[in-house]
Amino acid sequence: MPVAKIHVMQGRYDGVRLDKVSDATQAALMNVLDVPREDFYQLIFELPRSRFRHTSSFVGMHYTDDMILMELVFIQGRLSETRLALLKDVNTRVAKAAGVSPDDIVVMLSELPGENLSFGQGEAQRADVGTQG
């Protein structure tokens, strides 16, 4: 059920390049989280420079206008090692696919309980996922 929100600066990514970022993101989710191919939910936002503001550097990273700010939301319950592996895989795949520095890939992970998600019809189809007994 991962949802990927991908934010880029308008004019920096054409359709082909955005498709590569999208594909690389989904490939990392499938590889690390073992999600099925059809579990695909992405929102891609192209924001004008006036709405996509960021520092030029932070914690040793150096950012350009090619920065990709990504939010990944999925059902809780994965080990810390898995989440760390996901951060690494997303960074490696997306940086290569987009042709940008690994510094320019900023990723935020969020987890939510399965009972807080409906795939439709008002049902919490994954209410029992990620619960601990």
[X] side chain vs [Y] backbone, donor-acceptor pair below 3.5 Å:
{"X": "R17", "Y": "R12", "answer": "yes"}
{"X": "T92", "Y": "K88", "answer": "yes"}
{"X": "D104", "Y": "T64", "answer": "yes"}
{"X": "R83", "Y": "L109", "answer": "no"}
{"X": "S118", "Y": "E123", "answer": "yes"}
{"X": "R126", "Y": "G114", "answer": "no"}
{"X": "N91", "Y": "P102", "answer": "yes"}
{"X": "Q10", "Y": "L47", "answer": "no"}

Please determine whether residues [X] and [Y] belong to a single hydrophobic cluster, defined as Ile, Leu, Val, Met, Phe, Trp and Tyr linked transitively by side-chain heavy-atom distances below 4.5 Å.
{"X": "L69", "Y": "L87", "answer": "no"}
{"X": "V3", "Y": "V94", "answer": "no"}
{"X": "V59", "Y": "M108", "answer": "yes"}
{"X": "I44", "Y": "V90", "answer": "yes"}
{"X": "L18", "Y": "V106", "answer": "no"}

Quick one: closest heavy-atom pair of [X] and [Y], and the distance?
{"X": "F119", "Y": "Q125", "result": "N-OE1, 2.9 Å"}
{"X": "A98", "Y": "I68", "result": "CB-CD1, 4.3 Å"}
{"X": "D103", "Y": "G60", "result": "OD2-O, 4.3 Å"}
{"X": "M9", "Y": "D65", "result": "CE-OD1, 3.6 Å"}

> Between T82 and L79, is a side-chain contact (heavy atoms from CB on, under 4.5 Å) present by the stated rule, with each step listed?
Replying inline: CA-CA 5 Å; T82 302; L79 298 173; 4.0 Å; yes
Pairwise side-chain contact, [X] with [Y], heavy-atom cut-off 4.5 Å (strictly under):
{"X": "S110", "Y": "L72", "result": "no"}
{"X": "F52", "Y": "M67", "result": "yes"}
{"X": "F74", "Y": "V35", "result": "no"}

>> Among residues at least two apart in sequence or on other chains, which ones pass salt bridge (Lys or Arg N to Asp or Glu O under 4.0 Å) with E71?
In response: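 Counting only residues at least two positions away or on another chain, E71 forms no salt bridge (Lys or Arg N to Asp or Glu O under 4.0 Å).
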> Hey, what's the ring geometry for H7 with F45, parallel, tilted or perpendicular (30° and 60° as the breaks)?
Replying inline: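 If you compare the ring of H7 with that of F45, the planes turn out parallel.
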> Run the side-chain contact (heavy atoms from CB on, under 4.5 Å) check on R78 and L33 step by step: do they pass?
Replying inline: CA-CA 8 Å; R78 293 182 174 87; L33 301 186; 3.1 Å; yes
> Quick one: ring pair (Phe, Tyr, Trp, His ring centres under 6.0 Å) partners of Y13, sequence neighbours excluded?
Replying inline: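 By the ring pair (Phe, Tyr, Trp, His ring centres under 6.0 Å) rule, Y13 matches no residue at all.
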Acceptor/donor pairs from residues 20-29 side chains to any protein atom, 3.5 angstrom cut, sequence neighbours excluded:
unit_1: S22; atom_1: OG; unit_2: Q42; atom_2: OE1; d: 2.4
unit_1: T25; atom_1: OG1; unit_2: V21; atom_2: O; d: 2.8
unit_1: Q26; atom_1: NE2; unit_2: D39; atom_2: O; d: 3.1

> Could you walk me through whether K5 and M70 pass the side-chain contact (heavy atoms from CB on, under 4.5 Å) check?
Replying inline: CA-CA 6 Å; K5 297 178 186 178; M70 186 179 302; over 6 Å; no
